[in-house]
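Structure first, then comments.
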Amino acid sequence: MIGAGIGGLTASIALSRAGYEVVVVERDDTPMPSDVEGAFEWDRRGAPQVRHTHGFPALIRVTLRDHFPDVLAALLDAGVREVSVLPPSVTPDVPDYERHAEDLQVLACRRTTLEWVLRTCALAESGVEFMTGHAVDGLVLRDGRAAGIRFDTDGVLDADVVVAASGRRCAAPAWFAEHGLEVVEEEHPTGTIYLSRWYRGADGPTGYLGGRRAGLGFVFAGADNGTYSATMAVPSDDGELRAHLMSHFDAAIRLFKEWGDRDGTPLNDVQTMGGLINRIRRYPRLPGFFAIGDSHTCTNPLYGRGSSLAVLQAVLVRDAIAGKLDYEEACAARVEPWYEMSLLADKPEAANLSGFDLQSMRRATASDDPEVAVLMTRMMSLLTTPTELFSDPALVARLQAAGEPKPKPPPAKLLTRDDFLRAGV
């Protein structure tokens with residue numbers, strides 16, 4: 001297992017419990033923190049994104065609930081909260097109400113807390129061994145299949161199966177090219193840089209609030225143990241605005257009505273992250289090799305899908321090794337639609353599937369029609385793919401009607417770029 005992030009740790013637990021011996025190879029060699037607050041300060045140079053806002057929609061919770069209930073229980077014991085996203089129109093008299101009410105819950109959690117709990121659970125597995133402080137430099141192939149890895153020190157670790165779970169910087173295409181094999185990549189920059197900050201206080205948001213104003217994407221998210229975060233997505237070519245927001249972040253987020261008058265205590269300096277992409281890699285069929293998480297498919301992190309898809313792929317890898325499914329076919333059906341959705345949602349002027357844009361989807365989740373609301377919420381929660389939802393023409397017509405803008409008075413004032421440049425001055 002190359003990488004000890006969310007996907008690699010979950011896959012290690014899954015494979016160990018299926019009877020396999022797993023060696024987790026992790027480049028970072030830093031001491032394991034003793035608790036979740038220590039985890040927030042964890043030096044993870046290989047994972048610079050850990051202190052940005054992360055969304056954990058219903059898919060990750062349902063996957064943990066159904067396959068790793070003890071891990072979900074450990075998360076709750078560590079202070080993670082389950083927050084319902086059941087639409088108000090879905091009342092107890094709606095068919096399958098209990099199933100929807102149970103499924104449609106998100107995890108309010110810091111990325112660092114999730115990784116700390118997963119690593120604690122993986123360390124407790126008798127079939128999982130960690131090799132930290134080792135970087136992977138290539139694949140070993142024998143008889144036309146993956147048979148191990150080569151370290152940057154030229155040492156070799158033999159294996160029956162290699163799983164690449166080392167994130168978006170994973171060098172797997174170069175490893176394949178060394179053996180004359182091509183990994184076909186499709187990559188699209190998001191055109192944004194993220195600025196994030198964490199706070200602690202009793203006035204944090206309950207769940208996940210997001211949107212776009214004056215060309216800026218924003219997300220405010222409640223998390224565990226009284227913490228919450230704010231993230232802004234700034235155009236990567238607007239250096240003036242980015243520099244101003246770095247210095248006046250707290251004043252700028254107060255311009256969003258969704259932030260209100262929250263005044264929690266900052267837990268860290270403003271964090272930045274660039275180079276954000278949507279990317280999919282189509283690997284040649286190499287027996288004994290699998291890629292999961294961002295090593296396989298990256299989606300714009302503003303939409304909070306990456307961690308859930310990595311956990312899903314961890315289960316798919318387990319089932320593929322057991323011969324229960326074709327891994328790449330399963331990913332094409334259950335992961336790739338979210339890559340396509342991210343591409344479309346990154347262009348506010350573009351139509352999504354069946355004429356939907358992101359705002360019309362949000363309106364449909366608040367529909368007075370409970371069937372429409374619950375189906376759209378299940379899709380936004382990654383429990384149903386867009387392909388599955390939009391395959392019924394009659395249902396599409398109802399969804400489109402629910403997504404139509406409703407008459408409402410114009411806002412008293414629209415936010416502009418200049419408003420943000422004046423924030424805190």
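- Counting heavy atoms from C-beta outward, Leu216 and Leu241 have side chains that approach closer than 4.5 Å.
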Check: Please walk me through it: do Tyr303 and Tyr208 pass ring-ring contact (aromatic ring centres under 6.0 Å, His included)?
Finding: CA-CA 10 Å; Tyr303 309 126; Tyr208 188 85; 9.7 Å; no
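- At a cut-off of 3.5 Å, with distance as the only test, no side-chain donor of Asn300 or Thr190 sits close to an acceptor on the other residue.
- Using modelled atom types, one side-chain atom of Ser295 and one backbone atom of Gly167 make a donor-acceptor pair closer than 3.5 Å.
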Margin query: Apply salt bridge (charged side-chain N to carboxylate O under 4.0 Å, His left out) to residues Arg279 and Asp294 and explain how you reach the verdict.
Written below: CA-CA 8 Å; Arg279 184 190 65 207; Asp294 284 355; over 6 Å; no
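- When each of Asp70, Asp66, Leu72 is checked for a side chain to side chain contact (heavy atoms under 4.5 Å, CB included) with Phe68, only Asp70 meets the rule.
- The main-chain N or O of His52 is found under 3.5 Å from a side-chain atom of His54 such that the two form a donor-acceptor pair.
- At a threshold of 4.5 Å between non-hydrogen side-chain atoms, the residues Asp160 and Tyr20 do not count as touching.
- A salt bridge links Arg150 to Glu178: at least one charged side-chain nitrogen sits closer than 4.0 Å to a carboxylate oxygen.
- The side-chain hydrogen bond (donor to acceptor under 3.5 Å, both in side chains) with Tyr199 is formed by just one residue from the set Asn268, Asp250, Thr265, Asp263; it is Asp250.
- In this structure, the side chains of Met1 and Leu9 stay at 4.5 Å or more apart for every pair of heavy atoms.
- A salt bridge between Glu115 and Arg111 is present, with a side-chain N of the basic residue lying under 4.0 Å from a carboxylate O of the acidic one.
- Using cut-offs of 30° and 60° for the angle between ring planes, the Phe220 and Phe256 rings count as perpendicular.
- Using a cutoff of 4.0 Å between basic side-chain nitrogens and carboxylate oxygens, Arg168 and Glu187 are not scored as salt-bridged.
- Using a 4.5 Å heavy-atom cutoff, the side chains of Arg65 and Asp103 are in contact.
- The minimum heavy-atom distance between Thr385 and Met379, with the atom names listed, is C-CG, 4.2 Å.
- When all heavy atoms are compared, the tightest approach of Ser196 to Thr53 is OG-N, 3.9 Å.
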Margin query: Is there a side-chain contact (heavy atoms from CB on, under 4.5 Å) between Leu286 and Leu139? Walk through the geometry before answering.
Written below: CA-CA 11 Å; Leu286 177 64; Leu139 281 175; 4.2 Å; yes
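- Considering all non-hydrogen atoms of both residues, Val94 and Pro370 come closest at CG2-CB, 3.8 Å.
- For Arg213 and Glu258, the salt-bridge test passes: some basic side-chain N is under 4.0 Å from an acidic carboxylate O.
- Below 30°, between 30° and 60°, or above 60°: for His134 and Phe151 the angle between ring planes is between 30° and 60°, a tilted geometry.
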Next item on the list: Please assess Tyr327 against Ile292 for the test side-chain contact (heavy atoms from CB on, under 4.5 Å), listing each intermediate value before the final yes or no.
Entry: CA-CA 10 Å; Tyr327 180 72; Ile292 64 178; 3.2 Å; yes
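- Side-chain contact check for Glu21 versus Glu129: every heavy-atom pair is 4.5 Å or farther apart.
- Between Asn225 atom CG and Cys109 atom SG the span is 9.0 Å, to the nearest 0.5 Å.
- Looking at heavy atoms from C-beta onward, Val62 lies out of side-chain contact with Leu382 at the 4.5 angstrom threshold.
- Of the inter-residue distances, the one linking His248 atom NE2 with Ile253 atom CD1 reads 13.5 Å to the nearest 0.5 angstrom.
- A 4.5 Å side-chain heavy-atom check between Ile2 and Trp175 finds at least one atom pair inside the cut-off.
- No donor-acceptor distance shorter than 3.5 angstrom exists from the side chain of Ser16 to the backbone of Ser12, with no hydrogens or angles considered.
- The nearest pair of heavy atoms linking Phe420 to Ala252 is CE2-O, 3.8 Å.
- In terms of heavy atoms, Ser381 sits closest to Pro57 at O-CB, 3.9 Å.
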Next item on the list: Step by step, work out the side-chain contact (heavy atoms from CB on, under 4.5 Å) result for Phe40 and Trp198.
Entry: CA-CA 10 Å; Phe40 187 74; Trp198 281 87; 3.7 Å; yes
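- Taking the six-membered ring for Trp and thresholds of 30 and 60 degrees, Phe289 and Phe176 have ring planes more than 60 degrees apart, a perpendicular arrangement.
- A 6.0 Å sphere centred on CG of Asp143 holds no more than 12 heavy atoms belonging to other residues, nucleotides or ligands.
- In this structure Arg61 satisfies the side-chain hydrogen bond (donor to acceptor under 3.5 Å, both in side chains) test together with Glu82, Glu102, sequence neighbours excluded.
- Atom NE2 of residue His296 and atom CG of residue Leu316 lie 9.5 Å apart, to the nearest 0.5 angstrom.
- Distance CG/Leu118 to CD1/Ile13: 5.5 Å, rounded to 0.5 Å.
- Distance check: Phe290 CZ to Cys331 SG gives 10.0 Å after rounding to the nearest 0.5 Å.
- Comment: Asp326 engages Arg285 in a salt bridge, judged by a side-chain N to carboxylate O separation of less than 4.0 angstrom.
- Using a cutoff of 4.0 Å between basic side-chain nitrogens and carboxylate oxygens, Glu37 and Arg110 are scored as salt-bridged.
- For the salt bridge (charged side-chain N to carboxylate O under 4.0 Å, His left out) test with Arg282, the passing option among Glu185, Glu336, Glu182 is Glu336; the others fail.
- Distance alone, capped at 3.5 Å, is enough to place a donor-acceptor pair between the Tyr228 side chain and the Gly264 backbone.
- Looking at heavy atoms from C-beta onward, Val136 lies out of side-chain contact with Leu157 at the 4.5 angstrom threshold.
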Item checked: Full working for side-chain contact (heavy atoms from CB on, under 4.5 Å) between Cys170 and Arg281 -> CA-CA 11 Å; Cys170 176; Arg281 289 173 168 170; 3.8 Å; yes
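- Listed here is the closest heavy atom pair of Pro287 and Gly144: CD-O, 3.5 Å.
- Of the inter-residue distances, the one linking Arg305 atom CZ with Trp338 atom CH2 reads 6.0 Å to the nearest 0.5 angstrom.
- Considering Thr297, Asp346, Thr299 as possible partners of Asn278, the one that fulfils the side-chain hydrogen bond (donor to acceptor under 3.5 Å, both in side chains) test is Asp346.
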